[in-house]
Amino acid sequence: MSKQSQTARKTVKDIAAAKGGTPLVCLTAYDAPTAALLDPHADVLLVGDSVGMVVHGLPSTVGVTMEMMILHGQAVMRGSQQAFVVVDMPFGSYETNADQAFLNAARIMKETGCQAVKIESGAYAAHQISHLVERGVPVMGHVGLRPQAINVEGGFRAKGRTVSERDRVVAEARAAADAGAFAIVIEGVAEDLAAEITAEVSCPTIGIGASAACDGQILVTHDMLGLFDWTPKFVRQYADLASVVSGAAAAYAEDVRTRRFPGKTETYSLRKPEA
Ligand code: KIV
């Protein structure tokens, strides 16, 4: 029996039961070794389509493909044991209609073994969400700032600052929850709006740049680890890995150029002949 099948992962029921309780700890993960380090500490690992920007250097998440999400989803599943793993549905993989959404969601679930998918849920997506949930695919919604809509919005902008926009975000969250989403990410909104949505919907809300009023928090792991020189206002950096990595690379370069690396202990020598 594989290690995977011996250990119990958190389930959708565990995540849903966190409503109003101890905040859910969620982080993004894109590869197996990082997933293994995060896994003991996280309730949810999200294989976010932010992978396109964070790992592949794309200018937005629009260029992310199904193949990328599946490859990174497989790696995170291999590296983790107990966290609930959610894989983002990339731009263009679910918007056309409910059948397209189901075929792509089913492919993600079959090929990665993840437990749920996430959809950036404008009001139209309620139909997709209920269609997936009825067919056995747990869905996490995502409202507020929706990065896949960057080309309509003209940039990454906090949401809900006007009355009409505010009403729209509340309606989108309500629609996702009514359609059966087991949790909803709220991104880039002011505290009072996050609080209103959290009070309104029966599933847990997970905030990113959406205050402590949510039922859980998520950060992009690379932001939280300090791997980038710029991060949004809402990020708290828990490490300065950029300095650690560039310091290590500089020390290695110096050692190679001055022939201090490899040394005796890092070099194979002939075995002594057997007596
Ligand atoms: O793609 C992603 O990483 C996300 C989180 C920021 C919520 O959607």
Side-chain angles (χ1 to χ4, degrees), residues 15 23-31 34-35 38 42-66 68-73 75-76 80 83-95 104-105 108 112 114 116-122 125 129 138-150 153 155-159 169 172-173 176 181-189 194 197-198 203-211 214-225 227-228 230-237:
I15 306 306
L24 286 164
V25 177
C26 315
L27 283 166
T28 62
Y30 316 116
D31 63 75
T34 311
L38 303 177
D43 298 307
V44 175
L45 291 179
L46 170 69
V47 187
D49 62 353
S50 53
V51 70
M53 300 174 75
V54 172
V55 174
H56 294 272
L58 292 172
S60 77
T61 56
V62 170
V64 174
T65 63
M66 282 286 292
M68 285 159 81
M69 296 313 304
I70 288 170
L71 205 63
H72 289 285
V76 169
S80 60
F84 187 82
V85 175
V86 182
V87 175
D88 251 338
M89 295 198 69
F91 179 67
S93 70
Y94 59 91
E95 299 89 332
N104 282 320
I108 288 173
T112 68
C114 74
V117 298
K118 176 163 79 59
I119 284 183
E120 286 190 15
S121 34
I129 295 174
V139 180
M140 179 181 272
H142 182 153
V143 302
L145 191 164
R146 291 191 277 119
Q148 291 176 7
I150 184 174
E153 301 293 338
F156 297 117
R157 240 184 3 97
K159 282 277 158 191
V169 177
E172 286 171 359
F182 70 87
I184 299 175
V185 167
I186 308 177
E187 179 164 356
V189 306
I197 294 170
T198 301
C203 63
T205 57
I206 299 168
I208 175 161
S211 83
C214 301
D215 298 302
Q217 296 294 325
I218 185 161
L219 282 176
V220 169
T221 295
H222 290 55
D223 284 341
M224 178 286 271
L225 294 178
L227 275 159
F228 296 125
W230 180 87
T231 49
K233 166 189 162 69
F234 59 79
V235 171
R236 186 177 296 172
Q237 290 190 342

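Residue numbers count from 1 along this sequence. For ligands, and for the atoms within them, numbers begin at 1 and follow the listed sequence. Just so it is clear, the model here is predicted, and its values are computed rather than measured. Note: hydrogens, waters and symmetry copies are ignored here, and every other heavy atom, side chains too, is used.
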From OG1 (T198) to CD1 (I184), nearest 0.5 Å: 9.0 Å
Quick one: does D223's side chain have a donor or acceptor within less than 3.5 Å of a partner on V235's backbone? no
T205 side-chain N/O to D215 backbone N/O, donor-acceptor pair under 3.5 Å: yes
Under the salt bridge (Lys or Arg N to Asp or Glu O under 4.0 Å) criterion, do E153 and K159 qualify, and how do the steps go? CA-CA 10 Å; E153 301 293 338; K159 282 277 158 191; 2.8 Å; yes
Quick one: do I70 and I108 satisfy side chain to side chain contact (heavy atoms under 4.5 Å, CB included)? Show the steps, please. CA-CA 6 Å; I70 288 170; I108 288 173; 4.3 Å; yes
Anything under 3.5 Å between an N or O on ligand 1 and a protein N or O? List each pair with its distance, or write none.
| unit_1 | atom_1 | unit_2 | atom_2 | d |
| --- | --- | --- | --- | --- |
| ligand 1 | 1 (O) | D49 | N | 3.2 |
| ligand 1 | 1 (O) | D49 | OD1 | 3.0 |
| ligand 1 | 1 (O) | S50 | N | 3.0 |
| ligand 1 | 1 (O) | S50 | OG | 3.3 |
| ligand 1 | 1 (O) | D88 | OD2 | 3.1 |
| ligand 1 | 3 (O) | S50 | OG | 2.5 |
| ligand 1 | 8 (O) | K118 | NZ | 2.8 |

Given 3.5 Å as the limit, does a donor-acceptor pair link the side chain of T221 with the main chain of T28, or not? yes
